[in-house]
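Note sheet for the following structure.
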Amino acid sequence: MDLTTRPRRLRRDETLRKMVRETRMDPSSLIYPIFIKEGTGIVEAIPTMPGQYRYSVDTMGEKLASLQKAGVSAVMFFGIPDHKDELGSGAYDANGIVQQALRQAARDFPELYRITDVCMCEYTSHGHCGVLRGQNDRLHGQEVDNDRTLEFLAQTALSHVKAGADMVAPSDMMDGRVAAIRAVLDEHGYADTPIMSYAVKYASAFYGPFRDAAGSAPSFGDRKSYQMDYHNSREGLKEALLDVREGADIIMVKPAMSYLDMVARIKETVHVPVASYSVSGEYSMIRAGAELGYIDEEKIICETAASAFRAGCDIYLTYFAEEIAGYMREGKIG
């Protein structure tokens, strides 16, 4: 048989396969999400996320050191406060749990890049991502007040930056929040602080374990009036373009696994870096499947990560960041 083109020629051995690899990855592209809880001496296992923990400020250092040693240079902080109220005041409290963690991390790990999730759901007594108002039967009497919430989100972002955040990442999905945060940061002399916007954030069942980990499940209704309908894709493009116009420096797609089509479309649409968040449900499914012996955990972790980068992801947020960095070092991925 006379075959001029033989694609298998470039697959004959490992060295050649790596030489012609289209998708290349590096630990510098990984971000590890970490849960920080008020109190002392806390290293608390998260039942729905085996292998993940809630830390107090005084115990988080061991994990941060381990991440740095693995080559993971960026962390996103999520706070779990003792006190919650209707206005989510712990989110923008200068001595709030995230603010404490930032100051400690800046002292002990100055080379660590510190990112914060900017939202109110962990801090509000009702569990929604903003302050409430009025009457709305769909939410059993109340709805999230979009415009009033913006001032609280901007205050939160500013308090994080003052405490040592290198980047802020609003995840609330309120209209106009990037513009509000950008304006406040610029006004206070933080024009160089970047914003990574959760611009394309779907109302997803994949968030279940996170809500257990952070204690952030809404006490009534759901978040479908502000997070996106997972049937929609053009809406995601609109959200991304709006946030870039408002000043977003990085656009995030969340979740990752079932939304890689959106990663690809966003990558083609915007001219800023694209991030994707492999969320708690993705992590827990892999862990559960591996514990049952149904899948090879290491290979699945590598494959799912590579698929996100192949789709166009520049930055990957994942609870497997430390493991993935190790696999990269060992030449198993990347």
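As the structure is a computational prediction, the values presented were derived from the model and not from experiment.
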Closest non-hydrogen atom pair between [X] and [Y], with its separation:
X: P27; Y: G71; result: CB-O, 3.4 Å
X: A321; Y: Y32; result: CB-CB, 4.0 Å
X: D85; Y: H83; result: OD2-NE2, 3.5 Å
X: F206; Y: P255; result: CB-CG, 4.1 Å
X: Y123; Y: G79; result: OH-CA, 3.4 Å
X: A305; Y: I324; result: CB-CD1, 3.8 Å

[X] side chain near [Y] side chain, heavy-atom distance below 4.5 Å:
X: R182; Y: D249; answer: yes
X: M167; Y: I31; answer: no
X: I34; Y: F77; answer: yes
X: I181; Y: P170; answer: yes
X: V144; Y: V131; answer: no
X: F309; Y: Y316; answer: yes
X: I195; Y: I250; answer: no
X: V98; Y: H160; answer: yes

For a side chain to side chain contact (heavy atoms under 4.5 Å, CB included) check, start with the C-alpha distance between V200 and K254, then their side-chain angles and the critical distance, and finish with the verdict.
CA-CA 6 Å; V200 189; K254 182 183 179 184; over 6 Å; no
Just verifying a value: how many Å separate [X] [atom1] and [Y] [atom2], rounded to the nearest 0.5 Å?
X: L237; Y: T269; atom1: CG; atom2: OG1; result: 4.5 Å
X: R114; Y: D166; atom1: CZ; atom2: CG; result: 4.5 Å
X: L317; Y: D117; atom1: CG; atom2: CG; result: 10.0 Å
X: M328; Y: R24; atom1: CE; atom2: CZ; result: 12.5 Å
X: D93; Y: T156; atom1: CG; atom2: OG1; result: 10.0 Å
X: D192; Y: D186; atom1: CG; atom2: CG; result: 9.0 Å

Assess, by modelled atom type and distance only, whether the side chains of Q99 and S159 contain a donor and an acceptor separated by less than 3.5 Å.
yes
Taking atom types as modelled, find out whether D172 and Y198 have a side-chain donor-acceptor pair closer than 3.5 angstrom.
no
Are the charged groups of [X] and [Y] less than 4.0 angstrom apart, N to O?
X: E14; Y: R17; value: yes
X: R177; Y: D243; value: yes
X: K224; Y: D229; value: no
X: K63; Y: E322; value: yes

Checking the side chain of [X] only, and the main-chain atoms of [Y] only, is there a donor and an acceptor separated by less than 3.5 Å?
X: S73; Y: L112; value: no
X: T318; Y: S278; value: no
X: Y207; Y: Y202; value: yes
X: E282; Y: V279; value: yes
X: T116; Y: V118; value: no
X: E122; Y: I80; value: no
X: T149; Y: G130; value: no
X: H126; Y: E86; value: yes
X: R54; Y: I46; value: no
X: N232; Y: E235; value: no

Check: F320 ring centroid to Y283 ring centroid under 6.0 Å
yes
Are F152 and Y92 close enough that their ring centers fall under 6.0 Å?
yes
Tell me, with the steps shown, if H128 and C121 meet side chain to side chain contact (heavy atoms under 4.5 Å, CB included).
CA-CA 5 Å; H128 280 284; C121 59; over 6 Å; no
Determine, step by step, whether R133 and E143 satisfy the salt bridge (charged side-chain N to carboxylate O under 4.0 Å, His left out) criterion, reporting the C-alpha distance in whole Å, the side-chain angles of both residues, the deciding distance to 0.1 Å, and the verdict.
CA-CA 6 Å; R133 69 167 181 194; E143 64 179 351; 3.4 Å; yes
Take atom OH of Y190 as the centre, draw a 6.0 Å sphere, and report whether it contains more than 12 heavy atoms from other residues, nucleotides or ligands.
yes
How about E303: does its CD atom have over 12 heavy atoms from other parts shown lying under 6.0 Å from it?
no
Pair M252, K201 - check side chain to side chain contact (heavy atoms under 4.5 Å, CB included), show working.
CA-CA 8 Å; M252 186 196 296; K201 181 178 178 180; over 6 Å; no
Anything under 3.5 Å between a donor and an acceptor, one on a side chain of residues 292-301, the other on a protein residue two or more places apart or in another chain? List them.
residue: D296; atom: OD1; partner: E298; partner atom: N; Å: 3.2
residue: D296; atom: OD1; partner: K299; partner atom: N; Å: 3.1
residue: E297; atom: OE1; partner: R287; partner atom: NE; Å: 2.8
residue: E298; atom: OE1; partner: K332; partner atom: NZ; Å: 3.4
residue: E298; atom: OE2; partner: K332; partner atom: NZ; Å: 3.2

Determine, stepwise, if the pair D108 / L64 fulfils side chain to side chain contact (heavy atoms under 4.5 Å, CB included).
CA-CA 9 Å; D108 295 346; L64 297 181; over 6 Å; no
Salt bridge (Lys or Arg N to Asp or Glu O under 4.0 Å) pairs, two or more places apart, involving residues 257-281:
K267-D314
Any idea how Y277 and Y319 line up, ring-wise: parallel (<30°), tilted (30 to 60°), or perpendicular (>60°)?
tilted
